[in-house]
Asks: 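Before we start, here is the structure in question, set down as structure tokens.
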Amino acid sequence: MTKITLNKQQKKASDILSGPVLILAGAGAGKTMTLTARIVKLIESGIMPQNILAITFTNKAAGEMRDRVLSAISKNSKINFPTLEIGMIPFVSTFHSLGVFIIRDNYQKLDVSKYFSIYDRNDTKKALKEALQKLDFDPKEWDIKNLISIISKNKGNFIDNEIFYKNSENNFYTKNVAKIWNKYEEIKKEDKSLDFDDLLLKTAQLLNNDENIKNHYLKKWSHIHIDEYQDTNNVQNKIIELLINPETKNVFAVGDDDQSVYGWRGSNIKNILEFENKHKANKIFMEQNYRSTKNIIEASNSVIEKNSERYPKKLFTKSPAGEKIFLYSAFSEKEEARYIADQIKERLKKNITENDIAILYRANFQSRILEEAMLRENIPYQVLGTKFFDRTEVKDIMSYIKASVNPKSLIDLKRIINSPKRGIGKTSVLKIFSGDTENLTAKAKISYNELTQILQKIQKFSKENTTSELIKFTINESGFEKIFLAQKTEEANERLANMYELALFAEKYDHLKPEDGLLKLLEDVALISDTDSKKDNKKNPMVKLMTIHSSKGLEFDTIFLTGAEEAFFSPIENGDKKKEKEKLEEERRLFYVAMTRAKTILFISWANMRTIYGKTEQNIICPFVLDIPQNLLEEKSTFANFKEENDGTEYLEW
């Protein structure tokens with residue numbers, strides 16, 4: 001049999017087979033192995049496998065946990081019944097998969113088919129547009145993404161449309177949102193369908209409102225395990241609370257409050273911070289890290305210990321001290337990207353493969369300059385998420401420009417004809433594409449003429465101005481800037497930042513004549529996209545580029561933590577000191593998550609000058625970096641010898 005070797009704290013945690021338990025497992029502390037060992041010990045003690053429930057957040061994590069558990073059970077000589085052959089296995093799933101299981105068990109209570117459909121994001125968009133039309137609301141006056149966000153966040157807080165409607169009586173805007181939400185629910189009901197958030201909300205409501213249903217699952221699952229407890233939102237926490245047997249309280253919660261970084265999408269760190277007192281739980285710390293060198297661990301500890309809303313704990317490792325943390329001060333984001341590319345090439349010479357290296361950043365738009373550096377140095381890379389030039393807003397701006405200089409480009413016209421929304425219907429679009437513009441409705445004709453005028457303005461501007469100025473002009477004339485600024489959301493801000501990052505990219509062509517610069521931009525963007533698609537081959541090793549949020553749960557030999565500037569890791573000023581403090585602590589946790597992804601080498605870099613939203617501003621270093629003891633850092637700066645690219649071939653000496 002495969003033996004699971006545990007350290008003292010891991011064994012202590014897995015040996016507790018009854019009652020409420022809270023495991024606070026630091027980064028790289030082996031929590032999944034501990035959780036697996038505990039499930040095996042429960043079965044060895046006589047608990048039937050099918051009475052064990054284990055929940056985590058991603059399908060990947062659930063699959064890995066399920067495989068580990070089944071492998072350990074099948075090879076364990078102490079378990080003397082054929083569990084796998086007769087389907088007697090623990091229920092290991094994500095929260096949403098658990099929701100599907102419980103809803104399908106009780107579909108008649110919800111008036112849906114047992115084979116109900118689940119709306120994806122596009123289905124939800126279409127249904128909300130239909131709701132607006134049925135209510136005679138002008139779709140152009142409503143931001144569908146914002147509606148989705150409002151509905152999703154409320155469902156995540158265990159608030160349904162009826163409660164939202166009652167709470168919105170004195171507010172004109174929320175009252176209309178409530179009407180739209182109610183109509184949206186009617187549309188789903190007619191389809192006998194549920195959306196992604198319903199899988200959690202409806203499950204919580206079934207358990208909360210029907211004692212027979214709740215008691216059925218209390219008997220079914222006598223022992224409950226939850227991984228990544230710090231990431232639960234209120235409705236997920238509600239589901240767990242309802243599944244815990246009040247008499248036995250056999251719940252095993254595993255998590256790390258120091259890695260709670262999803263507050264922006266509804267997770268509530270208080271769920272894990274209040275678990276111990278709420279359930280009178282046995283609390284165990286797992287602080288031995290098996291991932292990183294001693295220097296990385298000590299540096300990470302020095303950053304996270306400054307937070308006040310946390311359990312006091314200190315990671316340690318028996319690994320060697322290793323290299324110091326490399327702190328690099330660059331003049332600009334271009335020079336920062338160049339330095340990172342150079343260091344990657346040095347790492348590759350030391351038999352470190354591309355797959356062992358990751359570049360992390362706070363905001364998506366930061367990837368553009370890094371991608372450019374990777375391409376210039378012929379370093380194979382993969383962007384986890386959407387590549388910069390594949391992002392919707394970047395493609396939209398490029399299509400406006402391409403359609404303005406090439407009116408016959410129907411693919412670009414099709415992309416922008418209703419982006420932003422203009423109320424040009426499908427029938428009108430077909431008439432436009434067939435050249436039958438004379439028979440458009442009066443409203444469609446006005447909207448199409450407005451678009452034509454915008455494209456003509458862009459075309460005229462392109463003949464007399466630099467490429468970067470052309471992009472800024474297009475951002476404004478298209479209406480995107482006004483719309484994104486009005487939305488005042490983090491997503492809108494990032495999309496606008498991506499557009500202005502495109503303008504920054506185009507500055508490299510500003511020394512050329514306007515027509516030549518534009519042609520070179522169009523050519524290079526097409527070639528970059530083509531190169532990216534060719535390199536996206538999973539069989540070949542590639543450096544990974546991703547946001548810090550995307551890196552959670554991953555580990556790499558070498559980590560480049562870029563853009564370590566206060567501007568990226570600071571809360572938005574809103575006058576609410578309590579919320580700003582909570583946000584700042586989450587940003588510190590995010591920085592900590594990035595640091596603890598590194599196993600051997602950690603580079604932290606920042607740029608003294610960076611261009612965001614088309615403006616170049618001077619930065620100060622992120623204060624989290626200043627919390628790292630000086631003796632753990634090896635600092636470098638290239639102000640003395642900095643070289644800035646001019647046109648790709650010439651260099652200016654600083």
Side-chain angles (χ1 to χ4, degrees), residues 122 125 140 143-145 364-365 367-368 371 383 386-426 428-435 437 444 447-463 465-484 487 491-492 494-509 514-533 614:
N122 285 330
K125 285 180 180 178
K140 291 189 290 185
D143 180 359
I144 298 295
K145 287 185 177 181
N364 273 308
F365 77 87
S367 78
R368 198 276 304 169
E371 288 184 66
V383 178
T386 307
K387 296 180 178 68
F388 179 80
F389 291 100
D390 286 341
R391 291 184 179 123
T392 300
E393 56 273 17
V394 173
K395 283 190 169 185
D396 285 343
I397 294 299
M398 292 303 302
S399 284
Y400 265 94
I401 293 172
K402 287 188 284 185
S404 73
V405 296
N406 180 14
K408 293 183 179 180
S409 177
L410 294 183
I411 190 170
D412 289 303
L413 182 59
K414 184 178 180 181
R415 182 177 188 90
I416 64 172
I417 199 163
N418 271 311
S419 183
K421 292 181 176 61
R422 292 187 177 84
I424 301 176
K426 291 182 179 179
S428 296
V429 170
L430 290 173
K431 288 179 180 179
I432 290 168
F433 284 175
S434 64
T437 55
S447 295
Y448 180 61
N449 286 338
E450 287 175 351
L451 173 61
T452 302
Q453 289 171 14
I454 290 170
L455 294 177
Q456 288 172 349
K457 286 181 182 179
I458 294 172
Q459 182 189 39
K460 183 180 178 181
F461 193 89
S462 71
K463 294 178 179 179
N465 295 273
T466 64
T467 315
S468 65
E469 288 301 320
L470 171 63
I471 291 172
K472 293 175 186 177
F473 181 80
T474 305
I475 294 169
N476 183 269
E477 284 296 318
S478 63
F480 281 119
E481 183 164 38
K482 183 179 179 181
I483 290 170
F484 288 149
Q487 289 176 0
E491 181 183 2
E494 183 159 318
R495 294 184 72 188
L496 184 59
N498 282 335
M499 288 181 170
Y500 272 105
E501 187 67 18
L502 179 63
L504 181 62
F505 169 79
E507 285 183 1
K508 62 161 69 176
Y509 312 108
E515 184 180 9
D516 294 340
L518 176 55
L519 288 171
K520 192 76 172 82
L521 168 70
L522 297 176
E523 177 188 339
D524 285 355
V525 169
L527 289 175
I528 286 172
S529 298
D530 184 54
T531 304
D532 286 347
S533 62

Asks: Take K472 and N476 through the test side chain to side chain contact (heavy atoms under 4.5 Å, CB included) and record every step on the way to the result.
Replies: CA-CA 6 Å; K472 293 175 186 177; N476 183 269; over 6 Å; no

Asks: NZ of K125: more than 12 outside heavy atoms within 6.0 angstrom?
Replies: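 Above 12, so yes.
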
Asks: Are the charged groups of K145 and E491 less than 4.0 angstrom apart, N to O?
Replies: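 So K145 pairs with E491 through a salt bridge.
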
Asks: Can you name the closest pair of heavy atoms from A444 and S428 and give their distance?
Replies: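 Looking at all heavy atoms of both residues, the shortest contact is CB-OG, 3.4 Å.
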
Asks: Mind checking what makes salt bridge (Lys or Arg N to Asp or Glu O under 4.0 Å) contact with K482, not counting sequence neighbours?
Replies: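 If we apply the salt bridge (Lys or Arg N to Asp or Glu O under 4.0 Å) test to K482, skipping adjacent residues, there are no hits.
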
Asks: What is the minimum heavy-atom distance between T474 and Y400, and which atoms define it?
Replies: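 In this case the closest contact between T474 and Y400 is CG2-CB, 3.6 Å.
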
Asks: Determine whether a donor-acceptor pair (N or O, by modelled atom type, separation under 3.5 Å) exists between the side chain of N465 and the backbone of F461.
Replies: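 Judged by distance alone, yes, a pair lies under 3.5 Å.
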
Asks: Minimum heavy-atom separation for T392 and R415, please, with both atom names.
Replies: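 Between these two residues, the closest heavy atoms are O-NH2, 3.3 Å.
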
Asks: Determine the interplanar angle of the F389 and F505 rings, folded into 0 to 90°, and report it as parallel if under 30°, tilted if 30 to 60°, perpendicular if over 60°.
Replies: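 Rings of F389 and F505: perpendicular, over 60°.
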
Asks: To the nearest 0.5 Å, how far apart are CG in D412 and CD1 in I417?
Replies: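 Here the rounded value is 12.0 Å.
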
Asks: For a quick test of reading the model, state the closest non-hydrogen atom pair linking P514 to S462 and the distance between them.
Replies: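 Minimum heavy-atom contact is CB-O, 3.4 Å.
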
Asks: Evaluate side chain to side chain contact (heavy atoms under 4.5 Å, CB included) for D390 paired with V383, printing each intermediate quantity in order.
Replies: CA-CA 11 Å; D390 286 341; V383 178; over 6 Å; no

Asks: Could you give me the CA-CA distance, side-chain angles and deciding distance for Y500 and I475, then say whether side chain to side chain contact (heavy atoms under 4.5 Å, CB included) is met?
Replies: CA-CA 8 Å; Y500 272 105; I475 294 169; 4.2 Å; yes

Asks: To the nearest 0.5 Å, how far apart are CD in Q456 and CD1 in I454?
Replies: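 If we round to the nearest 0.5 Å, Q456:CD and I454:CD1 are 10.5 Å apart.
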
Asks: Verify, without hydrogens or angle tests, whether S399 (side chain) and D396 (backbone) share a donor-acceptor contact under 3.5 angstrom.
Replies: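 Checked: no pair found.
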
Asks: What do the steps show when you test L522 against M398 for side chain to side chain contact (heavy atoms under 4.5 Å, CB included), and what is the final call?
Replies: CA-CA 8 Å; L522 297 176; M398 292 303 302; 3.5 Å; yes

Asks: With rounding to the nearest 0.5 angstrom, report the CZ to CG distance, R391 to N498.
Replies: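 Here the interatomic distance stands at 5.0 Å.
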
Asks: Check each of L518, L519, L470, T467 against Y509 using the side chain to side chain contact (heavy atoms under 4.5 Å, CB included) test, and report the only one that passes.
Replies: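 Of the listed residues L518, L519, L470, T467, the side chain to side chain contact (heavy atoms under 4.5 Å, CB included) partner of Y509 is T467.
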
Asks: Looking only at non-hydrogen atoms, find the nearest pair between S447 and R422 and report the distance.
Replies: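 Closest pair (atom of S447, atom of R422, distance): OG-O, 3.0 Å.
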
Asks: Nearest 0.5 Å, what's the OG1-CG distance between T466 and L521?
Replies: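 T466 OG1 to L521 CG: 11.0 Å, rounded to 0.5 Å.
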
Asks: How long is the span from the CG atom in N364 to the CD atom in E393, to the nearest 0.5 Å?
Replies: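 So the gap between those two atoms works out to 8.5 Å.
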
Asks: Just to verify, what does K520 make a salt bridge (Lys or Arg N to Asp or Glu O under 4.0 Å) with, not counting sequence neighbours?
Replies: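 Testing K520 for salt bridge (Lys or Arg N to Asp or Glu O under 4.0 Å), a comparison that skips the adjacent residues, returns D524.
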
Asks: Kindly give the heavy-atom pair with the smallest separation between F480 and S419, and that separation in Å.
Replies: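 Minimum heavy-atom contact is CZ-OG, 3.4 Å.
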
Asks: Any non-hydrogen side-chain atom of E481 less than 4.5 Å from a side-chain atom of L496?
Replies: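 Side chain of E481 against side chain of L496, heavy atoms only: contact under 4.5 Å found.
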
Asks: Looking at CD1 of I432 and CD1 of I424, how far apart are the two atoms once the value is rounded to the nearest 0.5 Å?
Replies: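 Spacing of CD1 (I432) from CD1 (I424) equals 4.5 Å.
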
Asks: Do E501 side-chain atoms and R368 backbone N/O form a donor-acceptor pair below 3.5 Å?
Replies: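 A pair under 3.5 Å: no.
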
